[in-house]
J.: 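First the structure, then my questions, so here it is.
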Amino acid sequence: MAEFTGEILFIGGGNMGGALIRGIISNGLAQANQITVVDPVQEKLDEFQAELSVKTSLDAASVLNAADIIVLAVKPHILPLVLDEVRSEVRPDQLYISIIAGVDSNFIQGRLGQENSVIRVMPNIAATVGASASALAGIATNEQFDFVQKMFESVGEVVRVEEHLIDSVTGLSGSGSAYVFTVIEAMADGGLLMGLPRPVALKLAAQTVFGAAKMMLESGEHPALLRDRVTTPGGTTIAGLHKLEKGKLRNSLIDAVEAATKRAYKLKKKARKGK
Ligand SMILES: NC(=O)c1ccc[n+]([C@@H]2O[C@H](COP(=O)([O-])OP(=O)(O)OC[C@H]3O[C@@H](n4cnc5c(N)ncnc54)[C@H](OP(=O)(O)O)[C@@H]3O)[C@@H](O)[C@H]2O)c1
């Protein structure tokens, strides 16, 4: 892929915007002087300037026209205000990337009023430690998708999906970090019950989850195969697994993904009606 020599504008310099800017710069996808951050809080902009030497602005409309790629990283309720604010400055050749939950790419395209390419990304909070699970969808060229994939690979793993599946991604990986935090906490509580000090139990539980995920991702093997390999007849692990089956852990997690997916769909419908 040719080196990117254009300008990237981030509208919203919060958790996700900040993580992505750090990832892009540290992976050499763009230089700091090709990046501008817009945020309403001057102190935050000063921090970006001091830490990363990026350009900053309090006003999206005044810097939008110069950008080739615009990353929309504000909260969902702010998005319509931002799009209305910048609309008169939009160039049709600009690529828009939205990480905003519950907003379709064709809504953004319609609101921009031009035939811009729009790529929608659903990352998760682990982007802040370079370990996001992100999914891409939208209306764009293959070259644009390739570039955006590289951008999000700078903060973790990336898959591409059809846009109608983005709500399912929200239900699985978008919301999933919170499920896993709950699993880790519960495992650690089990350790506590069995006499382990809390910090020891939490560290062991978190590292166990991390290690199992790493093994699966690196080997490419199905989790059931990996589980069978560590489950000996009459051993300790099968005793624990038996309890998990009785407690319907698997069923609960499947239900959780289904409930969050349905909720994402509902919120999207509600937001659209409100516009
Ligand atoms: N966090 C996640 O796990 C996650 C996962 C997937 C998708 N997302 C999506 O990512 C988006 C950003 O999430 P986040 O966690 O990064 O939120 P965040 O930390 O609140 O960041 C949003 C930033 O936008 C700023 N902002 C508010 N109004 C603005 C405006 N008019 N122009 C420019 N910037 C403005 C906010 O400033 P103030 O704080 O001063 O208002 C804040 O710095 C959300 O839409 C969310 O749906 C988040």
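All heavy atoms count here, side chains included; hydrogens, waters and symmetry mates do not. As the structure lists them, so they are numbered: ligands from 1, and atoms in each ligand from 1. In this text, all values refer to a predicted model and were calculated from it rather than measured experimentally.
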J.: Checking Arg87 side chain against Leu83 main chain: does a donor-acceptor pair fall under 3.5 Å?
T.: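 No, because the side chain of Arg87 does not come within donor-acceptor range (under 3.5 Å) of the backbone of Leu83.
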J.: Does the side chain of Ile100 come within less than 4.5 Å of Phe107's, by heavy atoms?
T.: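 SC-SC contact between Phe107 and Ile100 ruled out.
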J.: Do Ala101 and ligand 1 have an N or O pair less than 3.5 Å apart?
T.: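 Min N/O separation from ligand 1 is below 3.5 Å for Ala101.
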J.: One thing to verify: whether Lys269 and Asp167 come together as a salt bridge, which I'm taking to mean a side-chain N less than 4.0 angstrom from a carboxylate O.
T.: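 Here Asp167 does not pair with Lys269 in a salt bridge, since their nearest N and O are not under 4.0 Å apart.
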J.: What atoms of ligand 1 come closer than 4.0 angstrom to any heavy atom of Val82?
T.: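 Answer, ordered by atom number: 31 (N).
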J.: Nearest protein heavy-atom contact for atom 36 (C) of ligand 1: which residue, which atom, what distance?
T.: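 The closest one turns out to be Asp39 OD2, 3.8 Å.
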J.: Within this structure, what is the NE2-CZ distance for the pair His222 and Arg227, rounded to the nearest 0.5 Å?
T.: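 Here the interatomic distance stands at 8.5 Å.
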J.: Which residue supplies the protein heavy atom nearest to atom 20 (O) of ligand 1, what is that atom called, and how far is it?
T.: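 So the nearest neighbour among protein heavy atoms is Lys75 CE, 3.3 Å.
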J.: Can you sort out which atoms of ligand 1 are near Val41, meaning under 4.0 Å from one of its heavy atoms?
T.: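 Close to Val41: 40 (O).
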J.: Would you call Lys248 and Asp255 a salt bridge, using N to O less than 4.0 angstrom?
T.: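 Salt bridge between Lys248 and Asp255, a charged N being under 4.0 Å from a carboxylate O: no.
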J.: Hey, which of Gln109, His164, Arg120 is the one that makes side chain to side chain donor-acceptor pair (under 3.5 Å) with Asp104?
T.: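 When Gln109, His164, Arg120 are each tested with Asp104, the side chain to side chain donor-acceptor pair (under 3.5 Å) holds only for Arg120.
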J.: For atom 45 (O) of ligand 1, which protein heavy atom lies nearest, and how many Å away is it?
T.: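 The closest heavy atom on the protein side is Val74 O, 2.6 Å.
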J.: Would you mind telling me if ligand 1 is within reach of the side chain of Leu81, the backbone, both or neither, using heavy atoms under 4.0 Å?
T.: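 Neither part.
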J.: So does Glu157 have more than 12 non-hydrogen atoms from other groups sitting under 6.0 Å from CD?
T.: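 Count not over threshold, so no.
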J.: Just to check, does Gly174 reach to within less than 4.0 Å of ligand 1 when the distance is taken from its heavy atoms?
T.: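 Under 4.0 Å: no for Gly174.
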J.: Tell me if a side-chain donor or acceptor on Thr170 pairs with a main-chain N or O of Ile166 at a distance below 3.5 Å.
T.: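 Indeed, once roles are kept as given, a pair shorter than 3.5 Å links the two residues.
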J.: Report the nearest protein non-hydrogen atom to atom 24 (O) of ligand 1: residue, atom name, distance rounded to 0.1 Å.
T.: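 Ranking protein heavy atoms by distance from atom 24 (O) of ligand 1, first comes Gly12 CA, 3.5 Å.
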J.: Purely on distance, is any nitrogen or oxygen of Asn124 under 3.5 Å from one on ligand 1?
T.: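 By distance alone, the answer is no.
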J.: For atom 16 (O) of ligand 1, is the nearest protein heavy atom under 4.0 Å away?
T.: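 There is a protein heavy atom less than 4.0 Å from atom 16 (O) of ligand 1.
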J.: At what distance, to the nearest 0.5 angstrom, does CD1 of Ile99 lie from CG of Asn124?
T.: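 Answer for the CD1-CG pair, Ile99 versus Asn124, is 11.0 Å.
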J.: If you compare all heavy atoms of Val90 against all heavy atoms of Asn116, which two are closest, and at what distance to 0.1 Å?
T.: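 Of all heavy-atom pairs spanning Val90 and Asn116, the closest is CG1-OD1, 3.4 Å.
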J.: Before signing off on this row, confirm whether Glu85 and ligand 1 have an N or O atom pair separated by under 3.5 Å.
T.: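 Between Glu85 and ligand 1 (N or O atoms, distance only) the closest approach is not under 3.5 Å.
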J.: Please state whether Ala60 comes within less than 4.0 angstrom of ligand 1, counting heavy atoms only.
T.: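 Contact absent.
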J.: Any idea which atoms of ligand 1 are less than 4.0 Å away from a heavy-atom of Ile125?
T.: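 With Ile125 as reference, the close atoms of ligand 1 come out as 1 (N), 3 (O).
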J.: Would the distance check show the side chain of Gln34 and the main-chain N or O of Gly6 forming a donor-acceptor pair, the cut-off being under 3.5 Å?
T.: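 Checking the backbone N and O of Gly6 against the side chain of Gln34, a donor-acceptor pair under 3.5 Å is found.
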J.: Below 4.0 Å, non-hydrogen atoms only: which portion of Ala73 touches ligand 1? Side chain, backbone, both or neither.
T.: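 Backbone only; the side chain of Ala73 stays clear of ligand 1.
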J.: Return the residue, atom name and 0.1 Å-rounded distance of the protein heavy atom closest to atom 6 (C) of ligand 1.
T.: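 Sorting protein heavy atoms by distance from atom 6 (C) of ligand 1 puts Pro123 O, 3.2 Å first.
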J.: Using a 4.0 Å heavy-atom cut-off, say whether Ser177 meets ligand 1 through its side chain, its backbone, both or neither.
T.: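 No part of Ser177 is near ligand 1 at this cut-off.
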J.: Measuring from the heavy atoms of Lys44, does anything fall under 4.0 Å of ligand 1?
T.: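 Flag set, Lys44 near ligand 1.
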J.: Relative to ligand 1, is Ile100 under 4.0 angstrom through side chain, backbone, both or neither, heavy atoms considered?
T.: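 Within the 4.0 Å criterion, Ile100 contacts ligand 1 through backbone and side-chain atoms alike.
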J.: For atom CD of Glu162, decide whether the heavy atoms of other residues, nucleotides or ligands shown that lie under 6.0 angstrom number more than 12.
T.: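 No, because the 6.0 Å sphere around CD of Glu162 holds 12 heavy atoms or fewer from other groups.
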J.: State whether the side chain of Lys55 and the backbone N or O of Asn33 hold a donor-acceptor pair below 3.5 Å, judged by distance alone.
T.: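 Side chain of Lys55 to backbone of Asn33, a donor-acceptor pair under 3.5 Å: yes, one is there.
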J.: What atoms of ligand 1 come closer than 4.0 angstrom to any heavy atom of Asn15?
T.: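 Contacts of ligand 1 toward Asn15, numbered from 1: 15 (O), 16 (O), 19 (O).
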J.: What protein heavy atom sits nearest atom 8 (N) of ligand 1, and how far away is it?
T.: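 Here the closest protein heavy atom is Ile99 O, 3.6 Å.
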J.: To the nearest 0.1 Å, how far is atom 13 (O) of ligand 1 from its closest protein heavy atom, and which atom is that?
T.: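 Going atom by atom, the protein heavy atom closest to atom 13 (O) of ligand 1 ends up being Met16 CG, 3.9 Å.
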J.: Of all the atoms in ligand 1, which lie at a distance below 4.0 Å from a heavy atom belonging to Ile11?
T.: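 Every atom of ligand 1 under 4.0 Å from some heavy atom of Ile11: 32 (N), 33 (C).
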J.: Do Gln144 and Ser117 pair up side chain to side chain, a donor and an acceptor below 3.5 Å, judged on atom types alone?
T.: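 The criterion, which ignores hydrogens and geometry beyond distance, is satisfied for Ser117 and Gln144.
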J.: With a 3.5 Å distance limit and no angle check, can you tell me whether Glu89 reaches the backbone of Val63 through a side-chain donor-acceptor pair?
T.: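 Not confirmed, Glu89 side chain does not pair with Val63 backbone.
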J.: Which residue holds the protein heavy atom closest to atom 35 (C) of ligand 1, what is that atom called, and what is the gap in Å?
T.: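 Atom 35 (C) of ligand 1 sits closest to the protein heavy atom Pro40 CD, 3.3 Å.
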J.: If you take the nearest heavy atom of each of Ser98, Pro76, Gly14, which one is closest to atom 18 (P) of ligand 1?
T.: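 It is Gly14 that holds the nearest heavy atom.
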